[in-house]
Amino acid sequence: KAGVTQTPRYLIKTRGQQVTLSCSPISGHRSVSWYQQTPGQGLQFLFEYFSETQRNKGNFPGRFSGRQFSNSRSEMNVSTLELGDSALYLCASSLGTGESEKLFFGSGTQLSVL
Amino acid sequence: AQSVSQHNHHVILSEAASLELGCNYSYGGTVNLFWYVQYPGQHLQLLLKYFSGDPLVKGIKGFEAEFIKSKFSFNLRKPSVQWSDTAEYFCAVTPLGGTYKYIFGTGTRLKVLA
């Protein structure tokens with residue numbers, strides 16, 4: 001069974017640009033959640049999608065948005081990039097039917113904003 | 001605000017030493033509790049979880065954790081660490097009630113000296 005796939009693996013952007021990251025969950029998983037990982041901050045929850053609906057979101061500005069498609073693939077968009085957005089962005093998938101479920105993580109997209 | 005605290009940011013141990021990593025959370029309601037581990041070059045993966053029942057839970061590779069509700073703690077332990085336990089460890093909680101909001105701690109980097 002293929003794992004969670006995130007593309008691209010690395011991205012370099014400049015301030016003010018926008019970026020779209022993609023996440024393909026494990027087959028059969030309907031929940032996708034996104035996290036920003038930075039040294040010293042750990043993983044910070046961005047949002048969670050289930051069956052194309054956002055069920056919750058973290059405390060990030062509106063520049064961070066996401067969506068989920070009918071095949072459960074998810075995209076995350078960051079507009080008007082700032083230097084502080086440089087981070088590893090992780091997505092995780094699960095069945096989405098219970099909050100005690102195990103999350104399966106991808107390798108992440110390393111975003112560098114110059 | 002809901003939060004997870006991991007007080008040890010960096011831990012260095014010699015092989016065969018005992019390990020205890022602290023995790024405290026702030027939330028007044030019922031939660032699910034998790035420890036995830038990220039080995040060098042690998043994805044984040046679940047080490048163990050607690051959602052109900054016996055507060056002492058056992059995970060993979062000889063790890064265990066104890067949920068102490070009165071202390072809002074979920075400390076991770078291992079009686080004798082190995083060089084291969086070198087990794088970053090993250091504590092996480094999800095408040096029950098359909099929030100699907102995953103709150104992670106800042107992580108603890110463990111280095112085990114051979």
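Lettering follows sequence order; numbering is per chain, from 1.
Taking each heavy atom of A:L43 and B:F90 in turn, the nearest pair found is CD1-CE2, 3.6 Å. Considering all non-hydrogen atoms of both residues, B:Y102 and A:Y35 come closest at CD1-OH, 3.1 Å. Considering all non-hydrogen atoms of both residues, B:Y36 and A:L103 come closest at OH-N, 2.9 Å.
Under a hydrophobic-cluster definition in which Ile, Leu, Val, Met, Phe, Trp and Tyr are linked whenever side-chain heavy atoms come within less than 4.5 Å, directly or via other members, B:W35 and B:Y25 are assigned to the same cluster. A:Y89 and A:F60 fall within a single hydrophobic cluster, where Ile, Leu, Val, Met, Phe, Trp and Tyr side chains are chained together by heavy-atom contacts under 4.5 Å. Grouping the Ile, Leu, Val, Met, Phe, Trp and Tyr side chains by contacts below 4.5 angstrom, directly or via other members, places B:L19 with B:I60. Criterion: ILVMFWY side-chain heavy atoms under 4.5 Å apart, direct or through other members. Under it, A:L83 and A:L81 are part of a common hydrophobic cluster.
With chain A as partner, the option from B:T106, B:I103, B:L33 having the largest number of non-hydrogen pairs under 4.5 angstrom is B:T106. Ranking B:T94, B:V4, B:L44 against chain A, the residue ahead of the rest is B:L44, based on heavy-atom pairs under 4.5 Å.
Both the backbone and the side chain of A:S107 come within contact range of chain B, with heavy atoms under 4.5 Å apart. In this structure, chain B has a heavy atom under 4.5 Å from the backbone of A:E101, while its side chain stays farther away. Only the side chain of A:E48 comes within contact range of chain B, judged by heavy atoms closer than 4.5 Å. Looking at B:F51, the atoms closer than 4.5 Å to chain A (heavy atoms on both sides) all sit in the side chain, from C-beta outward. For B:Q38, the part lying near chain A is the side chain, with the backbone staying farther off; criterion is any non-hydrogen pair under 4.5 Å.
The local environment of CZ in B:R109 is sparse, with at most 12 non-hydrogen atoms from other residues, nucleotides or ligands closer than 6.0 Å. Atom CG of A:N59 sits in a sparse spot, with 12 or fewer heavy atoms from other residues, nucleotides or ligands closer than 6.0 Å. The local environment of CZ in B:R77 is crowded, with over 12 non-hydrogen atoms from other residues, nucleotides or ligands closer than 6.0 Å. Atom CD1 of B:I68 is surrounded by more than 12 heavy atoms from other residues, nucleotides or ligands within 6.0 Å.
Between the CZ atom in A:F45 and the NZ atom in B:K101 there is a gap of 7.0 Å [rounded to 0.5 Å].
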